[in-house]
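See below for the structure under consideration.
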Amino acid sequence: MVPPLVFLPPEFFDREADVVARALLGVTLRHERDDGVVSGRIVETEAYLGPHDPASHSAAGRTARTWHMFGPPGTAYVYFIYGMHWCLNAVTREDGYGAAVLIRGIEPMEGLPRMRARRPKARRDRVLCDGPGKLTAALGVDRRCDGWSLTGGSALSLVQGDAVPDAEVLVTPRIGISKAVDWPLRFVWSAHSRAV
DNA sequence: ACGCGGATGGCCT
DNA sequence: GGCCATCCGCGTA
């Protein structure tokens, strides 16, 4: 028997983004499609705290692009970046606030052959999902998922996992941003991530 | 191992 | 016109 899937409820996400970012380590991100299930355990995240956080997309206000970042807790916010890549966030705090957690890395679990097919340039499984644009490609996540619920009401969901001890969590500044560059809002599950 | 620059397109000034 | 919450390939070591 396979244990039932326990989806993270909306209340899980109705907290500050840094708290949720830390708590998402070890959680399974799961995409269920016609051709099968693809999933992985979250090993790296970043928190974007809200309109007062200069590095946050919500700092520029609610536009068509950032619309779903202001949605209810547990919403998927998916955006297009550098003309090529999709990035997946989980919205945190209350409806209308504008905070989110960027999923930066997962450890592949189910559907390895499908991930490899969607990431033909990855020569080794170690680099299949070790970046925000890589994991969305491997999972088949794109603009269609923008605004979906991650709490069990859609094909894309977050499933409860075993707790990750503090001793295995690394906290660092965020990557690839130009504002608030030293805020310690990046969380890495060191035992399962190649990233420093 | 590490650093650099090109790819590529939507959105804001 | 410039800026991106990135990735990849190629150069040097």
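What's counted below: heavy atoms across the whole structure, side chains too, no hydrogens, waters or symmetry copies. Chain A is the first sequence line, chain B the second, and so forth, proteins listed ahead of strands; every chain is numbered from 1.
- The distance from atom CD of A:Glu44 to atom C1' of C:dC7 is 14 Å, rounded to the nearest whole Å.
- Of the N and O atoms on the side chains of A:Arg186 and A:Thr172, at least one donor lies less than 3.5 Å from an acceptor on the other residue.
- Of the two residues contacting DNA chain B, namely A:Tyr82 and A:Arg143, the nearest-nucleotide position lying further toward the 5' end is that of A:Tyr82.
- Mapped onto DNA chain C by nearest heavy atom, A:Ile177 and A:Arg119 fall at different nucleotides, with A:Ile177 at the one closer to the 5' end.
- Listed nucleotides: B:dC12, C:dT6, C:dA5. Nearest to the side chain of A:Thr63: B:dC12.
- With a 3.5 Å ceiling on both atom-pair distances, the Watson-Crick or G-U wobble partner of B:dA1 is C:dT12.
- Separating the CZ atom of A:Arg62 from the P atom of B:dC12 is a distance of 14 Å, rounded to the nearest angstrom.
- Whole-Å rounding puts the A:Arg65 CZ to B:dC12 P distance at 8 Å.
- Among the nucleotides B:dG10, C:dC7, B:dA7, the one closest to any side-chain atom of A:Met84 is B:dA7.
- For C:dA5, the OP1/OP2 oxygens have a side-chain nitrogen or oxygen of A:His57 closer than 4.0 Å.
- With rounding to whole Å, A:Ile81 atom CD1 is found 18 Å from B:dA7 atom P.
- Shortest non-hydrogen contact noted between A:Arg119 and A:Val127 is NH2-O, 2.9 Å.
- Proximity of A:Arg93 to A:Glu16: side-chain heavy atoms (C-beta onward) are separated by under 4.5 Å at one or more points.
- For the pair A:Tyr79 and C:dA5, the ring geometry does not qualify as stacking, because the centroid separation below 5.5 Å and plane angle under 30° are not jointly satisfied.
- Atom NE2 in A:His85 sits roughly 11 Å away from atom P in B:dT8 (whole-Å rounding).
- Protein atom CG of A:Leu102 is 16 Å distant from nucleotide atom P of C:dC4, rounded to whole Å.
- Rounding to the nearest 0.5 Å gives a distance of 11.5 Å between NE2 of A:His31 and CE of A:Met115.
- Following rounding to the nearest Å, A:Ile103 (CD1) and C:dT6 (P) show an atom-to-atom distance of 14 Å.
- When each of A:Ala64 and A:Phe80 is assigned the nucleotide of DNA chain B with its nearest heavy atom, A:Phe80 is the one assigned upstream, toward the 5' end.
- Atom CD1 in A:Ile175 sits roughly 16 Å away from atom P in C:dC4 (whole-Å rounding).
- To the nearest 0.5 Å, atoms CZ (A:Arg104) and OG1 (A:Thr45) are separated by 10.0 Å.
- When Watson-Crick and G-U wobble pairs are counted only if both distances are under 3.5 Å, C:dA5 pairs with no nucleotide at all.
- For C:dG9, the OP1/OP2 oxygens have no side-chain nitrogen or oxygen of A:Lys121 closer than 4.0 Å.
- A sub-4.0 Å separation between OP1 or OP2 of C:dC4 and a side-chain N or O of A:Ser178 is present.
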